[in-house]
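The next block holds one structure in the form of structure tokens; read it before the comments.
Letters A, B, ... are given to chains in the order of the sequence lines, protein chains preceding strands, and every chain is numbered from 1.
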Amino acid sequence: MPELPEVETVARGLREQIVGRRIVSVRLGKTDFIDDPAVLERNVPGRLIESVERFGKFLLLRLVMIPDVGAAAELEDEAAASLLVHLGMTGQIGPSAEAQPWEKHTHAGFLLDDGRELRYTDPRRFGRMAYLTAELLAREVGRAGADPLEVSAEEFVRRIRGRNARIKALLLDQGVLRGVGNIYADESLWKAKIHPAKVAGKLNRKEIESLRKGFKEILEKAIAMRGSSISDFLDATGTPGEYQRHHKAYGREGEACYRCKSTIRRGIVAGRSSFFCPKCQPVPRKFSALPLPVRMRKTKGAKKRITPGKRKRNL
DNA sequence: CTCGATCCCTGGACGC
DNA sequence: TGCGTCCAGGGATCGA
């Protein structure tokens, strides 16, 4: 599922492919993931894609009017605006040849002035798309948390201190940190040796700083490896990432911890599957891990995992 | 503030 | 081989 590194990877790909192109027309399929389809349909055509940015897990295509290209009078908003795209769980976006037929779950197409069509495809439609005026964009930005790549030790402490929620819930809270999702939360907690169910307010400074450095380093490394392709993440050019090969906790239930050889376990924290090492990441009292599925119980040698990133259930 | 439950949605894994 | 069932998860929402 696309989290910060995956979205960053997509943003970079899109940037070199579509910046400077003008959107000629818009074609929509199912629209239940679009904030206001009519407004989007009415305002996007005619605009130039000035830049592509990532904000947390959002992609932001900055759209500007081209001077003297007419049609301006019909637009409700002539100022700069943005097309916001959230990939949800299964969203993909990238340019295709216009002649190529839409895939089964393609729901939006933006015809570009070079003949290609920028397409959004998302089987589950957990994603989101919206045409945002500067004002609406400011609202989105306003409720977002800190950038995990930039947040200072002090600010992170401030956002964590005194909170009674479990640390993983806070890492996943986009209003605390923007861009961290289930995979990178688990990876960061494993690195910092902190159990996902630990109450955030009980972490000491050292643990908080270890966690901050942990997610920063992990996210940077994951970006360098073009993200993690677990189920079906593909970037703007249809290429999978590599970071899933480096996961230390996520998706490793029943396998040996790379630090201490204990068996990685899984539990539900903040309503999400959470993978952790019960030895390196001391389990809080009253928290119980899920029983290890029978098939994973230690036989003797040869671990029988399937394709990496293609494990049984959780993905 | 924080929790759990529920919903959205589809494909893939699993059991028979 | 085929079919029914369960489950995953980001995020919004609602009630406790």
Are any of A/Gln174's side-chain N or O atoms less than 4.0 Å away from OP1 or OP2 of C/dG10?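 False: A/Gln174 side-chain N/O out of range (4.0 Å or more) of C/dG10 OP1/OP2.
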Contact under 4.0 Å: A/Tyr250 side-chain N or O vs C/dG9 OP1/OP2: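 The answer is yes; a side-chain N or O of A/Tyr250 sits under 4.0 Å from OP1 or OP2.
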Counting the atoms with a prime plus P, OP1 and OP2 as sugar-phosphate, which does A/Asp122 contact under 4.0 Å by heavy atoms, base, sugar-phosphate, or nothing? nothing
Do the side chain of [X] and the main chain of [Y] share a donor and acceptor less than 3.5 angstrom apart?
| X | Y | result |
| --- | --- | --- |
| A/Arg212 | A/Val151 | yes |
| A/Ser152 | A/Glu155 | yes |
| A/Arg159 | A/Val176 | yes |
| A/Glu187 | A/Ala249 | yes |

Between [atom2] on [N] and [atom1] on [X], what's the gap in Å once rounded to a whole number?
| X | N | atom1 | atom2 | value |
| --- | --- | --- | --- | --- |
| A/Asn182 | C/dG11 | CG | P | 11 Å |
| A/Phe275 | C/dA8 | CZ | C1' | 10 Å |
| A/Asp186 | C/dG10 | CG | P | 10 Å |
| A/Met129 | C/dG11 | CE | C1' | 17 Å |
| A/Lys57 | C/dG9 | NZ | P | 12 Å |
| A/Arg128 | C/dA12 | CZ | P | 7 Å |
| A/Asp35 | C/dA12 | CG | C1' | 12 Å |
| A/Arg161 | B/dC1 | CZ | C1' | 17 Å |

With respect to the side chain of A/Arg266, which nucleotide from C/dG10, B/dT2, C/dA8 is positioned closest?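 Of all the options, the side chain of A/Arg266 is nearest to C/dA8.
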Where the side chain of A/His86 is concerned, which of C/dA8, B/dC1, C/dG10 is the nearest nucleotide?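 Nearest listed nucleotide: C/dG10.
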Show your reasoning for whether side-chain contact (heavy atoms from CB on, under 4.5 Å) applies to A/Ile93 and A/Asp122. CA-CA 9 Å; A/Ile93 186 168; A/Asp122 185 359; over 6 Å; no
Salt-bridge present (A/Glu8, A/Arg12; N to O < 4.0 Å): yes
Test: A/Lys30 and A/Asp32 ion pair at under 4.0 Å: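 Salt bridge between A/Lys30 and A/Asp32, a charged N being under 4.0 Å from a carboxylate O: no.
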Would one find more than 12 heavy atoms of other residues, nucleotides or ligands at under 6.0 Å from atom NZ of A/Lys248? yes
Think A/Arg21 forms a cation-pi with A/Phe110, using NZ or CZ under 6.0 Å from the six-ring centre and within 45 degrees of its axis?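 A/Arg21 over A/Phe110 ring: no.
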Who else is in the cluster with A/Val269 when I, L, V, M, F, W and Y are joined by side-chain contacts under 4.5 Å? A/Phe276, A/Val283, A/Phe287
Does anything in residues 167-181 of chain A form a side chain to side chain donor-acceptor pair (under 3.5 Å)? List the pairs, not counting sequence neighbours.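 Of all non-adjacent pairs touching residues 167-181 of chain A, those that pass side chain to side chain donor-acceptor pair (under 3.5 Å) are A/Lys168-A/Asn182, A/Lys168-A/Asp186, A/Lys168-A/Ser274.
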Hey, can you pull the residues of residues 153-160 of chain A with a non-hydrogen atom under 4.0 angstrom from DNA chain B?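 Going residue by residue through residues 153-160 of chain A, none turns out to have a heavy atom under 4.0 Å of DNA chain B.
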Using the test side-chain contact (heavy atoms from CB on, under 4.5 Å), find all partners of A/Thr106 that sit at least two apart in sequence or belong to another chain.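 With sequence neighbours excluded, A/Thr106 shows a side-chain contact (heavy atoms from CB on, under 4.5 Å) to A/Trp102, A/Glu103, A/Arg119, A/Thr121, given in chain and number order.
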Give the angle between the helix axes at the two ends of the helix from B/dT2-C/dA16 to B/dC16-C/dG2, taking five base pairs at each end and rounding to 10°. 50°
May I ask you to verify whether the side chain of A/Arg272 and the base of C/dG10 hold a donor-acceptor pair under 3.5 Å? yes
Any chance you could list the contact pattern along nucleotides 3-10 of chain B? Use B for base contacts, S for sugar-phosphate-only contacts and - for none, protein heavy atoms under 4.0 Å, 5' to 3'. S----BBB
